[in-house]
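The structure appears below as structure tokens.
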Amino acid sequence: MKRIAFLDYVRVFACLLVMVVHASENFYGAAGTGEMAGPQSFLQNEADRFWVSLYDGFSRMSVPLFMIISAYLLVPLKEGQSMWQFYRRRFLRVGPPTILFMLLYSTLPLLWGQIDGATATRDLSRLLLNFPSLAGHLWFMYPLISLYLFIPIISPWLRKATAKEEGFFIALFALSTCMPYLHRWFGELWGECFWNEYHMLWYFSGFLGYLVMAHYIRTHLNWSRRKRLAVGTVLAVVGWAWTILSFYIQAVPGVVHSTPVIELGWAMCTINCVLATGGTFLLFTCIKRPEAPRIITELSKLSFGMYLMHIFWLGLWVSLFKVNLDLPTSVAIPAIALGTFISSALATKIISYLPGSKWLIG
């Protein structure tokens, strides 16, 4: 498949944003919950509150952008491609590297004392059930694989659906992304109760909505570049501001917070995140270059391996910029993110020269 230049830009941008998110999480973890944010959060001062809200809030569109990229490229299935051919191709692309890094995150930290033998044994014993304790970022692989599994199911409908029909699906998806806020004000909604979590919009919710959105943009959105730029800017700015403020308003310094509460607006399938993601993606579609610069194309190709390994590098840069140099939060977060991004890129590039590297880094 011929490379689509603007998608390479989006992929590199989203990869960097993931690392900004994880760099920021080192500045609001409560004592006793580990280096990064856990179930409880604590902000030391107003500076941490402001910069974490700004950097992390802006970057929360990273995962949905990756979902849209995948759907933009893969949906619907190619004519003549069977479900099993698609599954085999996708599994061979993401399966072996993911399994390898799950094993590495379960064992390598033993070498520098980040985990003990009991933790390593427990992580290894649960690999078929969930990600290792030090590889929380691998949560992303499970919804991604779920979308892969569903793509052959939804492809026949998408191939025939009109713009109005897909728009109706996206409208219901957008409504479902308002539910986290509605829950806070009104409690259970549309059939929810303690014995039933499958509300009326369940089958229109989650990352599937981003998949349909990606197909709609690619197939049905025939806007001019000027209109995409205008609408994309409005949607993105509203989404960014909403997402940043949703955390800032609640994250009072000096108080232990419940992380799911103050991160309400940082969930990937909230309406503000949809606005930020959709608007940002529209802005990137305005790039009309036939090819991205070589460095962007190369980083795009390396991005999966960079994502898989970046947590190994993150701690090093946290120790340097936050602990040893004690940089102000405004500088430390981007410095940690950039250090992690560059070291992950270099390490992934070196690995790419090994025979059979696709099994290691995708």
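Hydrogens, waters and symmetry mates play no part in the numbers below; they use all other heavy atoms, side chains included. In this text, all values refer to a predicted model and were calculated from it rather than measured experimentally. Start at 1 with the first residue, then count along the sequence.
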Side chains of [X] and [Y]: do they bring a donor and an acceptor to under 3.5 Å?
X	Y	answer
Ser352	Ser357	no
Asp116	Thr119	yes
His22	His137	no

Original post:
Rest of the hydrophobic cluster containing Leu129 (Ile/Leu/Val/Met/Phe/Trp/Tyr, side-chain heavy atoms under 4.5 Å)?
Top reply: none
Subject >> Transitive ILVMFWY cluster of Trp195, excluding itself - 4.5 Å side-chain cut-off >> reply: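 So far as hydrophobic clustering goes, Trp195 is joined with Phe194.
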Which atom pairs, donor and acceptor, lie under 3.5 Å between side-chain atoms of residues 139-152 and protein residues at least two apart or in another chain?
| unit_1 | atom_1 | unit_2 | atom_2 | d |
| --- | --- | --- | --- | --- |
| Tyr142 | OH | Phe131 | N | 3.3 |
| Tyr148 | OH | Arg90 | NH1 | 3.4 |

Got more than 12 heavy atoms from elsewhere within 6.0 Å of [atom1], [X]?
X	atom1	answer
Lys164	NZ	no
Trp266	CH2	yes
Ile153	CD1	yes
Glu291	CD	no

**OP:** Applying ring-ring contact (aromatic ring centres under 6.0 Å, His included), name anything that partners Trp242, two or more places apart in sequence or on another chain.
**Re:**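 For Trp242 the ring-ring contact (aromatic ring centres under 6.0 Å, His included) partners, ignoring immediate neighbours, are Tyr181.
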Side-chain donor-acceptor contacts of residues 335-345 below 3.5 Å, not counting sequence neighbours, with atom names and distances?
| unit_1 | atom_1 | unit_2 | atom_2 | d |
| --- | --- | --- | --- | --- |
| Thr340 | OG1 | Ile336 | O | 2.7 |
| Ser343 | OG | Trp317 | NE1 | 3.1 |
| Ser343 | OG | Gly339 | O | 2.7 |
| Ser343 | OG | Thr340 | O | 3.2 |
| Ser344 | OG | Thr340 | O | 2.7 |

Original post:
side chain to side chain contact (heavy atoms under 4.5 Å, CB included) with Leu360: which residues, sequence neighbours excluded?
Top reply: Leu100, Ile351, Leu354
Subject >> With sequence neighbours excluded, residues passing side chain to side chain contact (heavy atoms under 4.5 Å, CB included) with Asn45 >> reply: Ala47, Asp48
Work out which heavy atom in [X] is nearest to a heavy atom in [Y]; give both atom names and the distance.
X	Y	answer
Thr243	Gly265	CG2-O, 3.6 Å
Tyr210	Pro64	CZ-CB, 3.5 Å
His183	Glu192	NE2-OE1, 2.7 Å

Original post:
Tyr87 vs Trp84 aromatic rings, parallel, tilted or perpendicular, using cut-offs 30° and 60°?
Top reply: perpendicular
Would you say [X] and [Y] make side-chain contact, with heavy atoms under 4.5 Å?
X	Y	result
Leu65	Phe13	yes
Leu308	Leu138	yes
Met67	Met268	no

Identify all side-chain donor-acceptor contacts of residues 278-285 below 3.5 Å with residues at least two apart in sequence or on another chain.
| unit_1 | atom_1 | unit_2 | atom_2 | d |
| --- | --- | --- | --- | --- |
| Thr280 | OG1 | Trp240 | NE1 | 3.4 |
| Thr280 | OG1 | Ala276 | O | 2.7 |
| Thr285 | OG1 | Arg228 | NH1 | 3.1 |
| Thr285 | OG1 | Leu282 | O | 2.5 |

**OP:** Could you tell me which residues satisfy side-chain hydrogen bond (donor to acceptor under 3.5 Å, both in side chains) with Arg159, sequence neighbours excluded, listed by chain and number?
**Re:** Glu79
**OP:** Name all residues meeting the side-chain hydrogen bond (donor to acceptor under 3.5 Å, both in side chains) criterion together with His215; count only those two or more places apart in sequence or in a different chain, and write none if there are none.
**Re:**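 Partners of His215 by the side-chain hydrogen bond (donor to acceptor under 3.5 Å, both in side chains) criterion, ordered by chain and then number, come out as Glu166, Thr219.
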Original post:
Judged by atom type as modelled, is there a donor-acceptor pair below 3.5 Å linking the side chain of Ser155 to the main-chain atoms of Pro76?
Top reply: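 Not at all, since once roles are kept as given, no pair shorter than 3.5 Å links the two residues.
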**OP:** Spell out, as yes or no, whether a donor-acceptor pair under 3.5 Å connects the side chain of Ser300 to the backbone of Ile296.
**Re:**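 Here the side-chain-to-backbone pair does not exist.
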Original post:
What about Trp202 and His199, are their ring centers closer than 6.0 Å?
Top reply: yes
Subject >> Pair Phe27 + Tyr55: ring centers closer than 6.0 Å >> reply: no
**OP:** Write out all pairs satisfying salt bridge (charged side-chain N to carboxylate O under 4.0 Å, His left out) with one or both partners inside residues 106-115, taking only residues at least two apart or from two chains.
**Re:** none
Original post:
Can you list every salt bridge (charged side-chain N to carboxylate O under 4.0 Å, His left out) pair that touches residues 327-356, not counting sequence neighbours?
Top reply: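 Sorted result for residues 327-356: Glu298-Lys349.
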**OP:** Could you check Glu25 against Arg60 for salt bridge (Lys or Arg N to Asp or Glu O under 4.0 Å), going step by step and ending with a plain yes or no?
**Re:** CA-CA 12 Å; Glu25 287 186 5; Arg60 287 288 164 157; 3.6 Å; yes
**OP:** Look up atom CD1 in Ile333 and atom OG in Ser330, then write down how far apart they are to the nearest 0.5 Å.
**Re:**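 Going from CD1 on Ile333 over to OG on Ser330, the span is 8.5 Å.
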